[in-house]
Amino acid sequence: QVQLVESGGGSVQAGGSLTLSCTASGLSFADTDSAWYRQGPGKECHLVSSISTDGTTDYADSVKGRFTISRDNAENTVYLHMNKMKPEDTGVYYCATDVFYGGRWAADISRRCLYTGFGNWGQGTQVNVST
């Protein structure tokens with residue numbers, strides 16, 4: 001079975017930084033594309049960033065220049081480094097694999113992340129950014 005476990009969430013003031021971790025069992029991130037999603041107050045699930053097996057990264061426009069996704073294959077862990085954080089970054093962050101729709105990552109899911117109905121998802125970690 002596949003299990004994804006996120007950690008590193010917490011509370012931070014605007015302008016601060018947090019790093020999230022996602023460690024997998026039952027799959028290898030070296031062989032599997034992965035992504036971070038955020039579930040905001042409206043409970044919609046939005047793609048934040050992704051990383052492919054060849055190291056290609058993508059970011060939502062709202063986080064470009066502030067967030068960095070990375071991977072440590074030896075640790076089978078994907079990270080999301082969040083800098084210059086803003087209140088709108090607040091939400092539950094989920095690590096995911098295989099959330100593909102139409103040949104690409106599903107970017108805007110009109111459901112809670114865990115109700116997507118496909119893909120592999122972690123349990124989520126809460127991030128709160130205060131002013």
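The first residue in the sequence is number 1, and the count goes up from there. Heavy-atom basis, side chains included; hydrogens, waters and symmetry copies ignored.
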Task: Side-chain heavy atoms of Leu114 within contact of Tyr94, under 4.5 Å - done: yes

- [ ] Could you tell me whether the side chain of Asn76 reaches within less than 4.5 Å of the side chain of Ser28, counting heavy atoms only?
- [x] yes

TODO: Locate the shortest heavy-atom distance separating Ala24 from Leu27; write the atom from each residue and the value.
DONE: CB-CD1, 3.8 Å

Open item on the list: With a 4.5 Å cut-off on side-chain heavy atoms, are Leu18 and Met85 touching?
Closed with: yes

Open item on the list: Just verifying a value: how many Å separate Ser34 OG and Trp105 CH2, rounded to the nearest 0.5 Å?
Closed with: 6.0 Å

- [ ] Indicate if Phe100 and Leu47 have the same hydrophobic cluster label, given that clusters are the connected sets of ILVMFWY residues with side-chain heavy-atom separations under 4.5 angstrom.
- [x] yes

- [ ] Would you give the length of the straight line joining atom NE2 of His81 to atom OG of Ser49, rounded to the nearest 0.5 angstrom?
- [x] 10.5 Å

Open item on the list: Quick check for you: to the nearest 0.5 Å, what is the distance between Gln39 atom CD and Gln126 atom CD?
Closed with: 9.0 Å

TODO: Output yes when a side-chain donor or acceptor of Thr57 lies under 3.5 Å from a complementary backbone atom of Ile51, and no otherwise.
DONE: no

TODO: Would you check if the side chain of Arg38 reaches a backbone N or O of Val48 as a donor-acceptor pair within less than 3.5 Å?
DONE: no

TODO: Look at atom OH of Tyr101 and say whether more than 12 heavy atoms of other residues, nucleotides or ligands are closer to it than 6.0 Å.
DONE: no

- [ ] Using atom types as modelled and distance alone, determine if a side-chain donor or acceptor of Glu6 lies under 3.5 Å from a backbone N or O of Gln123.
- [x] yes

- [ ] Please examine the side chains of Val92 and Cys113, heavy atoms only from C-beta on, and report whether any two atoms are closer than 4.5 Å.
- [x] no

- [ ] Check the hydrophobic clustering (I, L, V, M, F, W, Y; side-chain heavy atoms under 4.5 Å; chains of links allowed) and say if Val127 and Trp121 are grouped together.
- [x] no

- [ ] Nearest 0.5 Å please: distance from the CG atom of Asp33 over to the CZ atom of Arg71.
- [x] 8.0 Å

Task: Reported OH-to-OG distance for the pair Tyr37 and Ser50, which is rounded to 0.5 angstrom - done: 8.0 Å

Task: Side-chain touch Trp36/Cys95, heavy atoms, less than 4.5 angstrom - done: yes

Task: Atom pair OG1 (Thr77) and CG (Leu4), whose distance is rounded to the nearest 0.5 Å - done: 10.5 Å

TODO: Apply side chain to side chain donor-acceptor pair (under 3.5 Å) to the pair Asn83 and Ser17, showing each step before the final yes or no.
DONE: CA-CA 4 Å; Asn83 302 307; Ser17 300; 3.0 Å; yes

Open item on the list: Quick check against the 3.5 Å criterion: does Asn120 have a side-chain atom that pairs as donor or acceptor with the backbone of Ala96?
Closed with: no

Task: salt bridge (charged side-chain N to carboxylate O under 4.0 Å, His left out) contacts in which one or both residues fall within residues 40-63, not counting sequence neighbours - done: Asp61-Lys64

Open item on the list: I'd like to know if the side chain of Tyr59 and the backbone of Ile69 have a donor-acceptor N/O pair within less than 3.5 Å.
Closed with: yes

Open item on the list: Any non-hydrogen side-chain atom of Val99 less than 4.5 Å from a side-chain atom of Ile109?
Closed with: yes

Task: Same cluster (ILVMFWY, side-chain, under 4.5 Å), Leu80 and Val129 - done: yes

Open item on the list: I'd like to check Thr97 versus Phe29 (side-chain heavy atoms, cut-off strictly below 4.5 Å). Are they in contact?
Closed with: yes

TODO: With the side chain counted from C-beta on, respond yes when Phe67 and Leu20 share a heavy-atom pair under 4.5 Å apart, and no when they do not.
DONE: no

